[in-house]
There are 2 protein chains.
Amino acid sequence: MVRERLSEMVDKGLVTRTGLISHGRGEAFDYLMGERSSEPALRAERAAAAYLLRAGSPVVCVNGNAAALDPANLIALAREVPAKMEVNIFHRTEERMSLLISYLEENGAGRVLGRDPDARIPGLSSDRALCTREGIYGSDVILVPIEDGDRAKALADMGKTVISIDLNPLSRTSRTATVSICDEMTRALENIMAAVRALRGDPGAIEGEIKAFSNERNRKEAVEGICSSLRSEFERGA
Amino acid sequence: MVRERLSEMVDKGLVTRTGLISHGRGEAFDYLMGERSSEPALRAERAAAAYLLRAGSPVVCVNGNAAALDPANLIALAREVPAKMEVNIFHRTEERMSLLISYLEENGAGRVLGRDPDARIPGLSSDRALCTREGIYGSDVILVPIEDGDRAKALADMGKTVISIDLNPLSRTSRTATVSICDEMTRALENIMAAVRALRGDPGAIEGEIKAFSNERNRKEAVEGICSSLRSEFERGA
């Protein structure tokens with residue numbers, strides 16, 4: 001079903017063909033992790049909620065694949081935090097930007113930034129660098145679902161707290177992020193929202209989650225999780 | 001480059017969009033295996049060569065993704081064995097069959113079967129079952145690169161020796177095949193050809209390869225290989 005929907009989104013111009021290939025890569029990792037949120041993923045999701053709640057100017061960044069996969073939960077999280085929402089795509093054309101923003105608005109989003117960029121992310125060439133001062137450029141904490149490695153690094157180099165959602169714990173994005181969530185996007189968004197509701201209004205608990213969190217330990221456990229999932233899957237099916 | 005080529009092949013009608021997603025899944029596994037032919041892959045490729053050389057009626061089966069990825073090596077292997085070549089696709093239309101067969105012919109293939117099916121693979125519903133008596137139906141050894149699990153199982157149930165090329169050692173195709181090659185298709189085809197040249201004319205060596213080969217042990221080592229590759233990649237990059 002997800003595959004058919006993404007494939008339709010190519011017709012609509014929201015998703016690119018190389019976007020389909022990268023979705024396939026994600027699917028493989030999700031399969032390897034047993035298609036459920038692992039313990040390290042849940043810990044990263046709680047830390048993400050804490051960083052978003054503590055932020056002065058949090059932003060949820062949305063690209064083509066993310067919008068096509070689950071607009072409702074992206075919008076719901078931005079509302080829950082609350083955080084601003086900005087569309088930022090790898091293969092930028094004005095038409096695709098417009099399509100994506102309209103698609104989010106049709107799905108109930110409030111204000112969506114990105115149509116009129118007035119700033120550039122330093123260190124990125126081409127139109128990938130374009131963003132808004134009010135949104136991505138001025139943010140202190142930024143959630144990037146399914147981000148490419150160059151942009152994740154450029155955002156981290158700006159001193160931002162980068163929260164990534166990327167199923168591959170070894171990707172450049174996961175290596176670069178402050179909080180690397182290795183989980184399928186819909187599950188990740190729902191878990192972050194649940195943690196936002198649980199932590200809101202409790203600054204001690206928020207600080208506690210951030211202090212307790214080690215991204216490196218967490219990524220290592222995600223790698224170990226893939227190995228044990230592979231082994232048990234082999235034993236079960238062999 | 002491969003991604004761009006596959007994406008162009010969607011325009012030409014050779015590759016489907018869901019084919020792009022499944023290519024992405026393969027890419028993830030290739031990445032996890034370090035993008036090289038592992039020891040278990042090389043062993044499976046030698047066993048594949050031995051089975052193909054010993055066969056009475058070997059067939060190289062070709063689908064959309066396989067044809068788009070590397071027509072030259074599919075054709076070269078069929079010539080080297082020699083084996084018949086038959087196009088067999090999941091989303092069958094007469095137009096796509098025709099396009100694929102023409103594409104292989106443009107790339108230098110001799111006779112390509114599949115245009116006029118006169119038999120059905122038992123146990124498969126829909127047009128996926130269609131094949132030719134001269135090719136797939138009557139074959140004793142069949143090489144299926146990037147095959148779907150249902151068809152791999154149906155072919156095995158017919159009593160055929162099924163040689164799969166599938167990067168995921170836990171896929172239903174890999175679980176079902178007699179020889180499960182977990183390697184990227186181009187590398188696999190080139191390694192099989194080298195083994196065909198080395199083994200040809202030496203029935204003792206051919207029997208030796210087949211006797212020495214254990215597919216289950218091999219698949220288990222492929223799984224272990226993914227784990228050690230993941231760990232060393234984590235240590236290297238962390």
Side-chain angles (χ1 to χ4, degrees), chain A residues 1-11 15-34 65 91 149 166-172 174-176 180 214-238, chain B residues 1-11 15-34 65 91 149 166-172 174-176 180 214-238:
Chain A
M1 261 170 48
V2 170
R3 285 178 207 160
E4 290 304 322
R5 187 146 51 92
L6 278 180
S7 175
E8 280 168 31
M9 294 292 177
V10 174
D11 281 323
V15 171
T16 62
R17 285 165 183 182
T18 48
L20 291 182
I21 298 179
S22 70
H23 176 73
R25 285 198 300 279
E27 271 188 5
F29 280 97
D30 195 21
Y31 163 89
L32 288 173
M33 297 191 204
N65 272 27
H91 299 282
D166 184 325
L167 280 151
N168 176 359
L170 299 173
S171 72
R172 285 203 305 133
S174 294
R175 282 178 181 173
T176 300
S180 314
S214 157
N215 202 46
E216 276 315 283
R217 195 183 56 207
N218 224 49
R219 281 210 304 124
K220 193 179 171 69
E221 283 183 36
V223 169
E224 292 303 323
I226 291 177
C227 288
S228 34
S229 163
L230 269 170
R231 286 206 184 100
S232 63
E233 187 68 9
F234 180 82
E235 298 302 333
R236 218 167 53 83
Chain B
M1 260 170 48
V2 170
R3 286 178 206 160
E4 289 304 321
R5 186 145 52 92
L6 278 180
S7 174
E8 280 168 32
M9 293 292 177
V10 175
D11 281 323
V15 171
T16 62
R17 285 163 184 184
T18 48
L20 292 181
I21 298 179
S22 70
H23 177 73
R25 285 198 300 279
E27 272 189 3
F29 279 97
D30 196 21
Y31 163 88
L32 288 173
M33 297 191 206
N65 273 25
H91 300 281
D166 184 326
L167 280 151
N168 176 358
L170 298 174
S171 71
R172 285 201 306 130
S174 294
R175 282 178 182 173
T176 300
S180 315
S214 157
N215 201 47
E216 276 316 282
R217 195 183 56 207
N218 224 49
R219 281 210 304 125
K220 193 177 171 68
E221 283 183 36
V223 169
E224 291 303 323
I226 292 177
C227 288
S228 33
S229 164
L230 269 171
R231 287 207 183 101
S232 64
E233 188 68 9
F234 181 81
E235 298 302 332
R236 217 168 53 84

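The chains referred to below are lettered A, B, ... by the order of the sequence lines, with proteins before strands, and numbering in each begins at 1.
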Portion of [X] that has a non-hydrogen atom of chain B nearer than 4.5 angstrom:
{"X": "A:Leu32", "answer": "side chain"}
{"X": "A:Asp30", "answer": "neither"}
{"X": "A:Ser174", "answer": "neither"}
{"X": "A:Ile226", "answer": "side chain"}

For A:Ser229, give me all partners under side-chain contact (heavy atoms from CB on, under 4.5 Å), at least two apart in sequence or on another chain.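 With neighbours one apart ignored, the set is empty.
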Would you say the side chain of B:Asp11 lies within less than 4.5 Å of the side chain of A:Arg17, judging by non-hydrogen atoms?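 Touching, per the 4.5 Å side-chain cut-off.
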Sequence-distant partners of A:Thr18, side-chain hydrogen bond (donor to acceptor under 3.5 Å, both in side chains), two or more places apart: A:Thr16
Residues from residues 1-8 of chain B approaching chain A under 4.5 Å (heavy atoms): B:Arg3, B:Glu4, B:Ser7
Counting heavy-atom pairs closer than 4.5 Å to chain A, which one of B:Cys227, B:Gly26, B:Pro169, B:Gly19 comes out on top?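 Highest number of pairs under 4.5 Å: B:Cys227.
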Which residue out of B:Arg172, B:Arg231, B:His23 racks up the most heavy-atom pairs below 4.5 Å with chain A? B:Arg231
Which heavy atom of [X] sits nearest a heavy atom of [Y], and at what distance?
{"X": "A:Phe234", "Y": "B:Val223", "answer": "CD1-CG2, 4.0 Å"}
{"X": "B:Glu233", "Y": "A:Arg175", "answer": "O-NH2, 3.1 Å"}
{"X": "A:Phe29", "Y": "B:Ala28", "answer": "CE1-CB, 3.8 Å"}

Residues in salt bridge (charged side-chain N to carboxylate O under 4.0 Å, His left out) contact with A:Arg217, at least two apart in sequence or another chain: none
